[in-house]
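Heads up, the thing below is written out as structure tokens.
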Amino acid sequence: MPPFLLSLLLLFTISVPFSSCIAVGEVITCSGIVPMKYRNDKISIADFGGVGDGKTLNTKAFREAIYRIQHLRRRGGSLLYIPPGVYLTESFNLTSHMTLYLARGAVIKATQDTWNWPLIAPLPSYGRGRERAGGRYMSFIHGDGLRDVIITGENGTIDGQGDVWWDMWRQRTLLFTRPNLVEFVNSSGIIISNVIFRNSPFWNIHPVYSSNVVIRYVTILAPLDSPNTDGIDPDSSSSVCIEDSYISTGDDLVAVKSGWDEYGIAYGRPSSGITIRRITGSSPFAGIAIGSETSGGVKNVLVENINLYNTGVGIHIKTNIGRGGFITNITVTDVHMENVRKGIRIAGDVGDHPDESFNPNALPVVNGITFKSIWGEKVQQPGSIQGLKNSPFTGICLSNINLHGEPGPRSSPWKCSDVSGSSLQVSPWPCSELTSPYQTGSCSDHF
């Protein structure tokens, strides 16, 4: 592992106290959108019979503790403390005005009993489960309609034990869509920090229809061959801050979404006001992605200070016919990538459809995409930007980009079609559609 990654991992082992917000030097942060709260009322899972021996099933203890928080309604909320130990449990729901605090050495581990896993309705913006028709398995740790919830601690672990689910996916024996590790639906004022997430059955952290969400100082780990184990997927959500985290999974590290084809178009809730900053990691798929489910629209996204290595596509903006929606005002800056198959990809032909009722004339609108200050080494192909014939991608602005392959005379070129925009100081030199810095006025403010 490169030395800078070891340094970064050491950084993530230093816990920020849950009662304070720390700014170091001139480090820019968006985390102030949700202040960290101190809870005067504190209870321990041990008070409710929790046993951290890795064998005892603690579902009753978790549900009783959270029921107590929900119904006593202590002023300022309550903190549920998880002491060191391995706490096996079925899935459970959180409640508003609570902190789930994992001590160092604490592990909340999901049971692998899939038969008793609760089912919930599909998300309306998806119309069905993402993998299978019908409902979906509830996330391991779930919140719906909540306010003021914190998951934090001293880098304790939430372990989804996802291998049984991955095997079901590989063997095509899934009855319903796999559970996410943590999901917040219709919620606001959420903080997730200083926790390690491992082995999610499906997506790791999924805030959907939510606002004012901070995800910071987390480590997310899953085997590189684990299917669909996206790291963080803000979905039809606004004012989301994702910072200072290390992610190594089997799918996109961060993927911004907003609904699937005709269901996402009808629901009509975009993702907006999202900041993704100081993320390091590796994936066989994308480092940072937008899509491919973008039918509600995605706008006003800032991605900066990203370090990627051993990754399929560095930055991937992806959509498809039938998606509709829009992807606009996206800025990606200060990215370093090493040993990457493709540096930048914007594509209009990615992703499947929920059913045969999608409208092939529902074409996405992609414009106002800025990439600047991006450096890559051992990049097999610098990039491809391929729009749609009847909905070209416009306002694609590239500047100060160097994406180089292995030393030698061979260099794979950029690939472009149905796209317009401008470029300045890009190496290798991009395709003709983007070669003039004066081709369109839309990029003049970005150079």
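Quick note: residue numbers are just sequence positions, from 1.
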Requested in this report: Keeping to residues at least two apart or across chains, list the salt bridge (charged side-chain N to carboxylate O under 4.0 Å, His left out) pairs with something in residues 115-141.
Outcome: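 Listed by first then second residue: Arg130-Glu293, Arg130-Asp352, Glu131-Arg178, Arg136-Glu183.
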What residue pairs, at least two apart or across chains, pass salt bridge (charged side-chain N to carboxylate O under 4.0 Å, His left out) with a residue in residues 111-123?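 Residue pairs passing salt bridge (charged side-chain N to carboxylate O under 4.0 Å, His left out), neighbours aside: none found.
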How are the rings of Tyr246 and Tyr309 set to each other: parallel, tilted or perpendicular (split at 30° and 60°)?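 Parallel, since the angle between the ring planes stays under 30°.
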Contact between Ile82 and Ile108 at the side-chain level, heavy atoms closer than 4.5 Å - yes or no?
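The answer is yes; the side chains approach within 4.5 Å.
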Task: pair Ile191-Met36: side-chain heavy atoms closer than 4.5 Å - done: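 In contact.
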Next on the checklist: Determine whether the aromatic ring centres of residues Tyr263 and Tyr126 are separated by less than 6.0 angstrom.
Outcome noted: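 No, ring centres 6.0 Å or more apart.
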Quiz item: Taking the six-membered ring for Trp, are Phe202 and Trp169 ring centroids under 6.0 Å apart?
Solution: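 No, the ring centres sit 6.0 Å or more apart.
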- request: Say whether His353 and Asp261, considering side chains only, have a donor N or O and an acceptor N or O under 3.5 Å apart.
  value: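 Short answer, yes.
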Side-chain donor-acceptor pair under 3.5 Å between Ser373 and Asn400, yes or no?
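Asn400 and Ser373 do have a side-chain donor-acceptor pair below 3.5 Å.
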Closest heavy-atom pair and its distance - Asn58, Thr89: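 Answer, listing the atom of Asn58 first, then Thr89: C-OG1, 3.9 Å.
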| request: Determine, step by step, whether Asp235 and Arg269 satisfy the salt bridge (charged side-chain N to carboxylate O under 4.0 Å, His left out) criterion, reporting the C-alpha distance in whole Å, the side-chain angles of both residues, the deciding distance to 0.1 Å, and the verdict. | output: CA-CA 9 Å; Asp235 196 342; Arg269 181 161 177 175; over 6 Å; no
Results of side-chain hydrogen bond (donor to acceptor under 3.5 Å, both in side chains) for Asp41 - residues two or more places apart only =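 Asp41: side-chain hydrogen bond (donor to acceptor under 3.5 Å, both in side chains) contacts with Arg68, Ser78.
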Using 4.0 Å as the upper bound for N to carboxylate O, is an ion pair formed by Asp148 and Arg39?
->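 Between Asp148 and Arg39 there is a salt bridge, with a charged N closer than 4.0 Å to a carboxylate O.
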